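Please read all numbers here as calculations on a predicted model, not as lab measurements. Atoms within a ligand are numbered from 1 in the order they appear, just like the ligands themselves.
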Amino acid sequence: MTNNKFRRIGILTSGGDAPGMNPCYRALTRAILAHGSQAMGIRRGYKGLIDNDMKLLNDRDVSNIINVGGTALYSDRCLEFKTEEGIQKAIKTCRENEIDGIIAIGGDGTFRGARDLTDRGIPCIGVPGTIDNDISSTDYTIGFDTALNTVVQMVDRLRDTCESHARCDVVEVMGNGSGYLALYAGIAVGATAIITKEIPFDEDALVAKMIESKFNQKRNFIVVVSENMGKEFSEKLAKTIEERTKIETKHARLSHVQRGGSPTQRDRMTASLMAFKAVELLYEGKSNLVICERDGEITSMDISFALDFDKFYKGKLSDDDIAKMSPDAIAEMKEMADKKKEKFLEVYRINDIISK
Ligand code: F6P
């Protein structure tokens with residue numbers, strides 16, 4: 001199993017933390033040690049790489065963290081690493097510490113960092129960890145299921161009190177501009193409406209639906225709104241709903257409570273499988289990859305392609321960017337994006353029909 005090319009492999013978590021990062025870190029460490037290399041835990045993401053904040057890991061270092069939320073490696077959103085000077089400092093730290101490869105857990109920003117290091121001679125692989133499930137190359141990101149369950153538990157409580165008082169609650173959830181958390185939580189809590197950037201919002205239809213349901217004796221209403229809909233969008237919506245429906249309406253922003261908590265089985269399992277895959281690929285001599293779950297399989301995609309696809313999916317690719325891409329790449333991205341959008345829309349439509 002040993003590949004002498006890797007004396008030490010660094011592990012880091014970067015960007016917003018997510019439940020499941022610890023099981024991932026644990027599995028990475030154990031898999032690296034099983035290959036006969038040393039595992040280096042880099043603290044505070046790319047910041048720790050710049051500052052040389054790291055320690056060699058043994059089996060015991062990752063014991064008893066599989067069930068713990070947050071990231072025991074700590075995290076940071078490191079602006080310095082976005083500069084060439086910062087990247088060069090990180091490379092120097094790698095060379096000094098005999099780090100021959102890195103596995104980085106996080107979101108798109110983390111993958112950009114991994115690509116920049118790979119480009120400069122440190123092979124890296126990214127593992128998707130974020131509660132937002134907003135990484136287009138993968139169907140699933142570590143942390144999403146735990147955050148979803150947290151949202152569901154919180155909103156179930158809100159529903160109890162809404163029912164007692166015949167109220168509506170407008171609940172704002174995280175997502176970093178992506179509506180997955182709102183959509184999936186909304187379905188699971190039986191939300192009257194789910195409002196996300198992906199689907200045009202029809203205020204009149206929502207008001208009419210609520211008035212009709214109230215007439216039919218419905219007492220509680222939950223409206224789930226994704227963050228980043230606009231400045232104080234959900235607060236204003238709560239006021240508008242109250243004015244137009246005459247149903248007393250409260251507002252709740254769940255905020256960072258969604259990011260904490262013990263990872264669910266789904267997150268522990270996916271974290272472990274993705275970590276194992278990342279290590280195997282690195283030892284096969286592959287790098288500049290992001291680990292993905294696609295159609296139920298743990299697989300991988302070239303980081304640069306994955307980052308371009310993410311922009312393509314989110315409509316952020318400029319005409320110039322597109323002009324530089326091959327027709328085959330564009331066709332592949334279009335097919336993947338259409339499939340993903342259709343799936344999102346299908347779930348949204350279902351909720352529209354089954355919710356009151
Ligand atoms: O990416 C995870 C996330 O929690 C987003 O949902 C949210 O927009 C952002 O991070 C919040 O970032 P911070 O923890 O830096 O306030």
- Task: Mark up the atoms of ligand 1 that fall under 4.0 Å of a heavy atom belonging to Glu227, in ascending order.
- Result: 5 (C), 6 (O), 7 (C), 8 (O)
- Item | Carboxylate-amine/guanidinium contact Asp308 Lys324, below 4.0 Å | no
- Query: Honestly curious: do Leu345 and Leu181 fall in one hydrophobic cluster under the side-chain, below-4.5 Å linking rule?
  - Reply: yes
- Which residue supplies the protein heavy atom nearest to atom 16 (O) of ligand 1, what is that atom called, and how far is it? His256 NE2, 3.2 Å
- Protein contact of atom 6 (O) of ligand 1 - nearest heavy atom, named by residue and atom, plus distance: Asp132 OD1, 2.6 Å
- Identify, for atom 11 (C) of ligand 1, the protein heavy atom at the shortest distance, and state residue, atom and that distance. Arg259 NH1, 3.6 Å
- Which protein non-hydrogen atom lies closest to atom 15 (O) of ligand 1, naming both residue and atom, and how far is it? Arg77 NE, 3.2 Å
Under 3.5 Å, which donor-acceptor pairs do the side chains of residues 104-117 form with other protein atoms, sequence neighbours left out?
{"unit_1": "Thr110", "atom_1": "OG1", "unit_2": "Ser14", "atom_2": "O", "d": "3.4"}
{"unit_1": "Thr110", "atom_1": "OG1", "unit_2": "Ser14", "atom_2": "OG", "d": "3.4"}
{"unit_1": "Thr110", "atom_1": "OG1", "unit_2": "Gly107", "atom_2": "N", "d": "3.3"}

- Could you tell me whether Lys356 and Glu212 make a salt bridge, using a distance below 4.0 angstrom between a side-chain N and a carboxylate O? no
- Query: Would Glu342 and Arg349 pass as an ion pair if we require N to O under 4.0 Å?
  - Reply: yes
- Query: Are any of the side-chain nitrogens in Lys339 or Glu335 under 4.0 Å away from the carboxylate oxygens of its partner?
  - Reply: no
- Item | Salt-bridge contact Lys277-Glu293 (side-chain N to carboxylate O under 4.0 Å) | no
- Task: For Met174, counting its heavy atoms only, list the atoms of ligand 1 lying under 4.0 Å from any of them.
- Result: 4 (O), 6 (O)
- In terms of atom number and element, which parts of ligand 1 are under 4.0 angstrom from non-hydrogen atoms of Asn176? 5 (C), 6 (O), 8 (O)
- Message: Test of understanding: given a 4.0 Å heavy-atom threshold, classify the contact between Gln258 and ligand 1 as side chain, backbone, both, or neither.
- Response: neither
- Query: Has ligand 1 got any nitrogen or oxygen that is less than 3.5 angstrom from a nitrogen or oxygen of Gly175?
  - Reply: yes
